[in-house]
Amino acid sequence: MFILQMLMSLELESQLIEYKLSKGFVSDVSKTEDSDRLVNLLINRNVNIDCLVNNVGISDENVRLSELDVDSWRKIYDTNVVGPMYLTKLVFERMMKEKGGNIIFLSSVHQDVIRRFPSYSASKGALKMAIQELALELAPYDIRVNGIAPGYTGEEEKQHQDT
């Protein structure tokens, strides 16, 4: 199984290599030319794409209408919504030929819950609706589309003690 992720750490990449079944690729999803290059690379290598994981999100700090920055909103929508949808379109074309697959979007609980960052929450709300639409549209091709909307997660920091 090949898993595409927008941003994959080198640590995760090295762990996946052990299985010899997965490979990660890094691409800037907000740039259509990067998505084209990535999918063309996979096609040229005869890679069967059976799972796409869209795991991307950016935000800004503007919380007031008086601080509205149209360019910032466009960048957020290009990264959080338009880019993943474009990559999904390219991958769908491959999955359709290969008779099925899985597409997963990691969204955010803020698709439904106010965060006080309107551009981010609005982009995740738009993504939620797009996921629902795609689930219906792609089902006849045996392609499952799902969204995961996690909230904040904490991570314990490892404490190093001299012994």
Side-chain angles (χ1 to χ4, degrees), residues 1-60 70-113 115 119-153:
M1 174 187 297
F2 281 82
I3 300 173
L4 303 179
Q5 287 190 299
M6 301 310 102
L7 300 172
M8 181 179 284
S9 72
L10 293 176
E11 181 180 336
L12 180 57
E13 170 101 18
S14 66
Q15 292 171 5
L16 291 175
I17 288 173
E18 293 178 31
Y19 296 101
K20 297 180 181 151
L21 297 172
S22 299
K23 177 141 181 65
F25 298 89
V26 177
S27 177
D28 183 344
V29 73
S30 70
K31 298 177 182 173
T32 56
E33 61 273 13
D34 273 18
S35 294
D36 289 331
R37 180 190 49 76
L38 175 62
V39 172
N40 286 330
L41 172 77
L42 297 173
I43 289 169
N44 291 336
R45 292 184 181 181
N46 294 316
V47 172
N48 176 30
I49 305 170
D50 56 6
C51 184
L52 169 65
V53 178
N54 287 295
N55 181 19
V56 64
I58 63 170
S59 185
D60 64 8
V70 173
D71 290 333
S72 177
W73 272 66
R74 284 190 178 115
K75 181 177 180 179
I76 289 166
Y77 266 76
D78 282 348
T79 302
N80 296 359
V81 182
V82 178
M85 294 303 297
Y86 181 71
L87 180 59
T88 298
K89 174 192 178 290
L90 297 176
V91 170
F92 160 69
E93 292 167 357
R94 291 290 295 175
M95 286 182 174
M96 191 172 59
K97 292 176 185 173
E98 296 165 2
K99 308 291 187 234
N102 298 287
I103 299 171
I104 301 165
F105 289 86
L106 275 91
S107 181
S108 169
V109 68
H110 297 292
Q111 68 189 14
D112 296 311
V113 177
R115 179 174 184 235
S119 55
Y120 178 81
S121 297
S123 72
K124 294 303 182 172
L127 187 60
K128 176 185 176 182
M129 186 53 68
I131 293 165
Q132 293 173 358
E133 293 279 353
L134 287 177
L136 292 174
E137 180 183 345
L138 305 188
Y141 302 99
D142 197 27
I143 298 172
R144 288 185 300 270
V145 180
N146 290 288
I148 301 169
Y152 290 110
T153 56

- Task: Give, for atom CG of Leu90 and atom CE of Met85, the distance between the pair rounded to the nearest 0.5 Å.
- Result: 11.5 Å
- All side chain to side chain contact (heavy atoms under 4.5 Å, CB included) counterparts of Asn44, not counting sequence neighbours: none
- Task: Under the side-chain hydrogen bond (donor to acceptor under 3.5 Å, both in side chains) rule, collect the residues that match up with Thr88, sequence neighbours excluded.
- Result: Asn54
- Task: Would you give the length of the straight line joining atom CD of Gln132 to atom CG of Asn146, rounded to the nearest 0.5 angstrom?
- Result: 11.0 Å
- Item | Distance (rounded to the nearest 0.5 Å) between Arg144 CZ and Ile103 CD1 | 11.0 Å
- Item | Stepwise side-chain contact (heavy atoms from CB on, under 4.5 Å) check, Asp71 with Lys75 | CA-CA 6 Å; Asp71 290 333; Lys75 181 177 180 179; over 6 Å; no
- Task: Take Lys124 and Leu127, measure what side-chain contact (heavy atoms from CB on, under 4.5 Å) needs, and give me the verdict at the end.
- Result: CA-CA 5 Å; Lys124 294 303 182 172; Leu127 187 60; 4.3 Å; yes
- With sequence neighbours excluded, tell me which residues meet side-chain hydrogen bond (donor to acceptor under 3.5 Å, both in side chains) with Lys89. Glu93
- Query: Looking at CZ of Arg94 and CG of Leu42, how far apart are the two atoms once the value is rounded to the nearest 0.5 Å?
  - Reply: 8.0 Å
- Note on the structure: d(Asn102 CG, Asp142 CG) to nearest 0.5 Å is 8.5 Å
- For Glu137, enumerate each residue passing the side chain to side chain contact (heavy atoms under 4.5 Å, CB included) test, keeping only those at least two apart in sequence or located in another chain. Leu134
- Query: Which pair of heavy atoms, one from Leu87 and one from Leu52, lies closest together, and at what distance?
  - Reply: CD2-CD1, 3.9 Å
- Message: I need the single residue from Asn55, Asp78, Thr79 that forms a side-chain contact (heavy atoms from CB on, under 4.5 Å) with Val29. Which is it?
- Response: Thr79
- Item | Set of residues satisfying ring pair (Phe, Tyr, Trp, His ring centres under 6.0 Å) with respect to Phe92, sequence neighbours excluded | Tyr141
- Task: Output all residues satisfying side chain to side chain contact (heavy atoms under 4.5 Å, CB included) with Ser123, sequence neighbours left out; order by chain, then residue number.
- Result: Ile76, Tyr77, Asn80, Val81
- Item | Atom pair CD/CG of Glu33 and Leu38 - distance to nearest 0.5 Å | 12.5 Å
